[in-house]
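Everything below concerns the one structure shown next.
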Amino acid sequence: MNAEVINYSQCWEDPKVLLDALSINPNDEVLSITSGGDNTLAMLVAFPRHIVSVDMNAVQNYLLELKMAAVQSLSYSEYLEFLGVIESNKRLDLYKKVSPRLSNHAREWWSVHESHIKVGPINCGRFEKFTALFARRILPMIHNHKTIKQLLSFNKIEEQRTFFKTRWNSRKWRFFLRLFTSRFILQRFARQRGMFSQANIKNIANTYERRMERHLTSVPNSGNFFMHYSLTGRYGDSLPPYLEHNGYDKLQNVKNTFLSIKTGNLLSYLKSMPDNSFSKFNLSDIFEPLSELENEALWHEIIRTAKSGARVAYWNNLVKRSYPVSVSSQINTDNEFVNELQAKDKVFFYDSFHLHTIKK
């Protein structure tokens, strides 16, 4: 899907939900979908024995390499500056410090995509550019800076809910939200076309409008870097774990042997692995574009390569996907725990979060 294009320069699955769900420990062998690389790095901060990060798009893996190389090459302030958390006009100079740590293929790719470096690697993805367009060009026509800042400040959900209903949820807000979350606009400017191949929802915009309202009336915005970025194009009073100072310090102590990066189809990769290889799985929303037959084939490989007691975490967006009936006898789900985690999820657009334990 869109090879040679960075589709996501950040991960849009809540890392704190993921870390609570998987409970990474030093004995874990982890399989992770790369995407923007953030959640692979968040799990590395927990010091598992090893993580294999897989993506079928090579440039998503080059982005993960770049973020890891930046940790190893730059001071903390330079790290934030280079990646795009704070403003800078010297990212190309900082890249000269980072590039020697990249693989040859990654270095060659970044060398001809300096424009991505200039805007900050966390801001260069197709989805992030789309988000920034909405935040910086469209939203200011709907609400002024003071109103946006106030919505993002609440840590008491009762106050936020009232503010949303009385000040935020205007006719103009609903119109532009529905426009920018329509299937046509999302396929053309934000997400890969294949991610909609299995989606049967007739009015995607209405679905996202309902999810946004549900989120803004149930999850406080203070500390929610996803919502801050969505509405301003910048993180607010919180950062993803790998960008926090504590995360940066821990990643500096991670050895290169702790992380393997693989490019290719997940099903093919799992077929190449022996039985009982992994104890934790971060599968993002990998099932979204799969047919039911593809979904079943993948689940059989997940079960085969999972150790007994392995945990599998993933999200559903527009397509409801879960394990097939054929493997149900090997799956345990703590629904109460999953509901607790989902209630804390700081990303508005997913339908559901899933966590299963494999029994053998």
Next item on the list: Start with the C-alpha distance between H300 and S326, add both sets of side-chain angles, then the distance that settles side-chain hydrogen bond (donor to acceptor under 3.5 Å, both in side chains), and finish with yes or no.
Entry: CA-CA 9 Å; H300 279 283; S326 58; 3.2 Å; yes
Next item on the list: Decide yes or no on side-chain hydrogen bond (donor to acceptor under 3.5 Å, both in side chains) for R101 and S73, but give the supporting numbers first.
Entry: CA-CA 8 Å; R101 292 184 179 271; S73 310; 3.2 Å; yes
Margin query: Set out, in order, the CA-CA distance, both residues' side-chain angles and the distance that settles side-chain hydrogen bond (donor to acceptor under 3.5 Å, both in side chains) for S53 and T34, then state yes or no.
Written below: CA-CA 5 Å; S53 199; T34 302; 2.8 Å; yes
Item checked: Working for side-chain hydrogen bond (donor to acceptor under 3.5 Å, both in side chains), residues W315 and D351 -> CA-CA 8 Å; W315 280 259; D351 173 67; over 6 Å; no
Note to self: Between R321 and E292, does the side-chain contact (heavy atoms from CB on, under 4.5 Å) criterion hold? Intermediate values first, please.
What the structure shows: CA-CA 8 Å; R321 283 283 183 264; E292 291 187 8; 4.0 Å; yes
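In terms of modelled atom types and a separation under 3.5 Å, the side chain of K67 and the main chain of G37 share no donor-acceptor contact. No donor-acceptor pair under 3.5 Å is formed between the side chain of D55 and the backbone N or O of Q60. Between the side chain of T333 and the backbone N or O of N335, no donor-acceptor pair lies under 3.5 Å. The closest donor-acceptor contact from the side chain of E288 to the backbone of N316 lies at 3.5 Å or more, if one exists at all. A donor-acceptor contact shorter than 3.5 Å is absent between the side chain of N57 and the backbone of I6. Remark: the backbone N or O of N169 is paired with a side-chain donor or acceptor of R174 at under 3.5 angstrom. With hydrogens and angles disregarded, a donor-acceptor distance shorter than 3.5 Å links the side chain of K172 to the backbone of M141. Using a distance-only test at 3.5 Å, with no hydrogens or angles considered, no donor-acceptor pair links the side chain of N39 to the main chain of A42. E128 contributes a side-chain N or O that, together with a main-chain N or O of S9, makes up a donor-acceptor pair within less than 3.5 Å. R234 contributes no side-chain N or O that, together with a main-chain N or O of I86, makes up a donor-acceptor pair within less than 3.5 Å.
Checked for salt-bridge contact, D285 and R191 meet the test: a charged N lies under 4.0 Å from a carboxylate O. Look at E65 and R107 and you find no salt bridge, because none of the NZ, NE, NH1 or NH2 atoms lies under 4.0 Å from a carboxylate O. Salt bridge annotation for R304-E301: present, with a cationic side-chain nitrogen under 4.0 angstrom from a carboxylate oxygen. Ion pair K344/D20 flagged as a salt bridge, since at least one NZ, NE, NH1 or NH2 atom sits closer than 4.0 Å to an Asp/Glu carboxylate oxygen.
Using a 30° and 60° split on the angle between ring planes, F154 and F163 fall in the tilted class, from 30° to 60°. Classified by interplanar angle (parallel below 30°, tilted 30° to 60°, perpendicular above 60°), the ring pair H215/F348 is perpendicular. Ring orientation note: the planes of H354 and H356 are tilted relative to one another, at an angle of 30° to 60°.
The shortest heavy-atom contact between A69 and L102 is CB-CD2, 3.9 Å. Across every non-hydrogen atom of N123 and K129, the tightest pair is O-CG, 3.8 Å. Looking at every heavy atom in both residues, R91 comes nearest to K118 through NH1-O, 2.6 Å. Closest non-hydrogen pair, S230 versus F134, comes out as O-CD2, 4.3 Å. Smallest separation of non-hydrogen atoms from D38 and C11: OD2-N, 3.2 Å. Closest non-hydrogen pair, L83 versus A70, comes out as CD2-CB, 4.5 Å.
Side-chain contact annotation: E78 with S75, donor-acceptor N/O pair under 3.5 Å present. No hydrogens or angles considered: a donor-acceptor pair under 3.5 Å links the side chains of S322 and Y314. Side-chain contact check for R311 and N282: no donor-acceptor pair (N or O, by modelled atom type) lies under 3.5 Å. Checking T305 against S277 by side-chain atom types alone, no donor-acceptor pair falls below 3.5 Å.
Surrounding CZ of R188 are at most 12 heavy atoms belonging to other residues, nucleotides or ligands under 6.0 Å away. Residue D275 places its CG atom among more than 12 non-hydrogen atoms of other residues, nucleotides or ligands, all under 6.0 Å distant. Heavy atoms from other residues, nucleotides or ligands lying under 6.0 Å from NZ of K307 number more than 12. The number of heavy-atom neighbours closer than 6.0 Å to NZ of K320, taken from other residues, nucleotides and ligands shown, is 12 or below. More than 12 heavy atoms of other residues, nucleotides or ligands sit less than 6.0 Å from atom CG of N27. Heavy-atom contacts from other residues, nucleotides or ligands closer than 6.0 Å to NZ of K360 number more than 12.
A 4.5 Å side-chain heavy-atom check between M68 and L41 finds at least one atom pair inside the cut-off. At least one side-chain heavy atom of N317 sits under 4.5 Å from a side-chain heavy atom of R211. Taking 4.5 Å as the limit, some side-chain heavy atom of Q342 sits within range of a side-chain heavy atom of S352. Side-chain contact check for R161 versus L216: every heavy-atom pair is 4.5 Å or farther apart.
Rounding to the nearest 0.5 angstrom, the gap separating the CG atom in N224 from the OG atom in S238 is 8.0 Å. Atoms CG and CZ, on L355 and F353 in that order, are 5.0 Å from each other to the nearest 0.5 Å. Distance check: E13 CD to L283 CG gives 10.5 Å after rounding to the nearest 0.5 Å. The OH atom of Y8 lies 8.0 Å from the OG atom of S284; values are rounded to the nearest 0.5 Å. If you take OG1 on T232 and CE on M227, they are separated by 11.0 Å, rounding to the nearest 0.5 Å. Summarising the geometry, atom NE2 belonging to H50 is positioned 6.5 Å from atom CG belonging to L259; distances are rounded to the nearest 0.5 Å.
In terms of hydrophobic clustering, with Ile, Leu, Val, Met, Phe, Trp and Tyr side chains grouped at heavy-atom distances under 4.5 Å, L152 and I157 are assigned to different clusters. M56 and F287 fall into different hydrophobic clusters, defined by Ile, Leu, Val, Met, Phe, Trp and Tyr side-chain heavy atoms under 4.5 Å apart, directly or through other members. Hydrophobic clustering keeps V219 apart from F349 (ILVMFWY residues linked when any side-chain heavy atoms are closer than 4.5 Å, directly or through intermediates). Grouping the Ile, Leu, Val, Met, Phe, Trp and Tyr side chains by contacts below 4.5 angstrom, directly or via other members, places V5 apart from V112. Taken together through direct or relayed side-chain contacts under 4.5 Å among Ile, Leu, Val, Met, Phe, Trp and Tyr, L44 and I33 form parts of separate hydrophobic clusters.
Taking the centre of each ring, Y76 and H245 come in below the 6.0 Å mark. Less than 6.0 angstrom separates the ring centroid of F180 from the ring centroid of F130. For W12 and F226, the gap between ring centers is short of 6.0 Å. The aromatic ring centres of Y242 and Y248 sit 6.0 Å or more apart. Taking the ring centroids of H105 and W109, they lie at or beyond the 6.0 Å cut-off. Between F281 and F278, the ring center distance clears the sub-6.0 Å criterion.
Exactly one of L298, L290, I286 qualifies for a side-chain contact (heavy atoms from CB on, under 4.5 Å) with L267. That residue is L298.
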